[in-house]
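Note sheet for the following structure.
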2 protein chains.
Amino acid sequence: MRMSTRGRYGARAMLDIALNYEKGPVSLRELAQRQELSIKYLEQLIQPLRTAGLIKSIRGAGGGYTLARLPDDINLLQIVQALENLTPVDCLNNPEACSRISKCATYDVWKEVQDSTRNILASLTLTDMVERQLQKLNEL
Amino acid sequence: MRMSTRGRYGARAMLDIALNYEKGPVSLRELAQRQELSIKYLEQLIQPLRTAGLIKSIRGAGGGYTLARLPDDINLLQIVQALENLTPVDCLNNPEACSRISKCATYDVWKEVQDSTRNILASLTLTDMVERQLQKLNEL
DNA sequence: TAGAATACCTAGTAGCATACTAGGATATCT
DNA sequence: AGATATCCTAGTATGCTACTAGGTATTCTA
């Protein structure tokens, strides 16, 4: 039950873009610098976020990325889901993956686990995360 | 956020042993047959469960495994935790893993995710799982 | 006491996913 | 024109997962 760097870096990237919402588009160069991540790797993570409709890009000099919707309309589930497989067990979303489903009690249990983790992630919006971030910086 | 076969097979094994609680020890051969898993792989999964104090073994002919405690005192968190790394992100349990913790708002968020998944798993006991299993078999 | 049946232990290994890097094409601003 | 961006495809090392193999130790039964 581990999260990959994709989901984590993606969340950091989205938070960064949200924090700079007012200041215009955030370029990958800035983003990579602030978040101490490689541009090339970020480049790979940012594309799925774009095709998921969470950010939009502005090409050319002075370009970068901005949120495609209000921070209130973007939650962590959407972010993570765009970047990694959130299904803990294959049989949950692919009934053919296992022939034992009908008699398997653990199936129900994993379903429950999946549902509740999704609920937690979905309950956290970018607005929440921005708030937390600002509060955290104030405490330093 | 995927679960490995270790945790899943381990849960199935524990449930199987619990279902046969009255009938005496369950051998790996029976277990492997019923669960359609390889003996050799099960052998590897069963050891951590034993050292975690969830089952005890009886060696020699006629031997096998039985629960080390009452099914009510064993929950899914204990089972899964014995078999795989449940920490979604390293920094949660190892502060040196990342130097950004103090200013990282996503840290708090992952912590929340971790805590709640652990709570779900901890709330499911072997007794619950046995009940579900029996009910499911009745419905067939 | 032999032998069958079991658990226990250590070492391998193929395949796959992760976490990147590289190089170039395309678009836009100044 | 040139600088600064995004966009796209391919490659790759490393580590983890999901096993398999082979042998040892223990205990029951005939």
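Since the structure is predicted, the reported quantities are computational estimates derived from the model, not experimental observations. Protein chains get the first letters and strands the later ones, always in sequence-line order, with residue 1 at the start of each.
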Please report the distance, rounded to the nearest Å, between [atom1] in [X] and [atom2] in [N].
{"X": "A/L42", "N": "D/dC7", "atom1": "CG", "atom2": "C1'", "value": "15 Å"}
{"X": "B/Q47", "N": "C/dA7", "atom1": "CD", "atom2": "P", "value": "9 Å"}
{"X": "B/L49", "N": "C/dC8", "atom1": "CG", "atom2": "C1'", "value": "15 Å"}
{"X": "B/N85", "N": "D/dT17", "atom1": "CG", "atom2": "C1'", "value": "13 Å"}
{"X": "A/R59", "N": "C/dC29", "atom1": "CZ", "atom2": "P", "value": "12 Å"}
{"X": "B/Y41", "N": "C/dA7", "atom1": "OH", "atom2": "C1'", "value": "19 Å"}
{"X": "A/K56", "N": "C/dA27", "atom1": "NZ", "atom2": "P", "value": "20 Å"}
{"X": "A/Q44", "N": "C/dT21", "atom1": "CD", "atom2": "P", "value": "10 Å"}

- Task: Output, in order, the C-alpha distance, side-chain angles, deciding distance and verdict of side chain to side chain donor-acceptor pair (under 3.5 Å) for A/N20 and A/D16.
- Result: CA-CA 6 Å; A/N20 294 279; A/D16 191 294; 3.2 Å; yes
- Given the rule in the side-chain contact (heavy atoms from CB on, under 4.5 Å) test, do B/D128 and A/V109 qualify, once you have shown the distances and angles that lead to the verdict? CA-CA 10 Å; B/D128 296 333; A/V109 167; over 6 Å; no
- Sugar-phosphate only, base, or nothing, as touched by A/R50 at under 4.0 Å among non-hydrogen atoms: sugar-phosphate
- Which is true for A/I46 with a 4.0 Å heavy-atom rule: it touches a base, it touches only sugar-phosphate, or it touches nothing?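 Since no nucleic acid heavy atom lies under 4.0 Å of A/I46, the category is nothing.
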- From A/R132, A/Q35, A/Q133, residue fulfilling side-chain contact (heavy atoms from CB on, under 4.5 Å) relative to A/L15: A/Q133
- Task: Check each of A/I74, A/L49, A/T66 against A/I55 using the side-chain contact (heavy atoms from CB on, under 4.5 Å) test, and report the only one that passes.
- Result: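 The passing option is A/L49.
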- Query: Can you check whether B/S38 has a side-chain N or O nearer than 4.0 Å to OP1 or OP2 of D/dT20?
  - Reply: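 Yes.
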- Query: So, is B/R6 close to the D/dA18 phosphate, meaning a side-chain N or O under 4.0 Å from OP1 or OP2?
  - Reply: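 No, no such contact exists.
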- Item | CG on A/D90 to CE on B/M3, rounded to 0.5 Å |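 CG of A/D90 is found 12.0 Å from CE of B/M3.
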Report the nucleotide, chosen from [options], that has the shortest atom-to-atom distance to any side-chain atom of [X].
{"X": "B/K40", "options": "D/dC28, C/dA7, C/dC8", "result": "C/dC8"}
{"X": "B/Y65", "options": "C/dA7, C/dG24, D/dC19", "result": "C/dA7"}
{"X": "A/S4", "options": "C/dA19, D/dT27, C/dC8", "result": "C/dA19"}

- Query: Which sits closer to the 5' end of DNA chain D, A/I58 or B/Y9, going by the nucleotide each is nearest to?
  - Reply: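 Between the two, 5'-proximity favours A/I58.
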- Message: Does A/E43 contact D/dC7 through a side-chain donor or acceptor facing the base, at a distance under 3.5 Å?
- Response: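 Check passes, donor-acceptor contact within cut-off.
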- Walking DNA chain C from its 5' end, the first of A/T5 and B/V26 to be reached, judged by nearest nucleotide, is B/V26
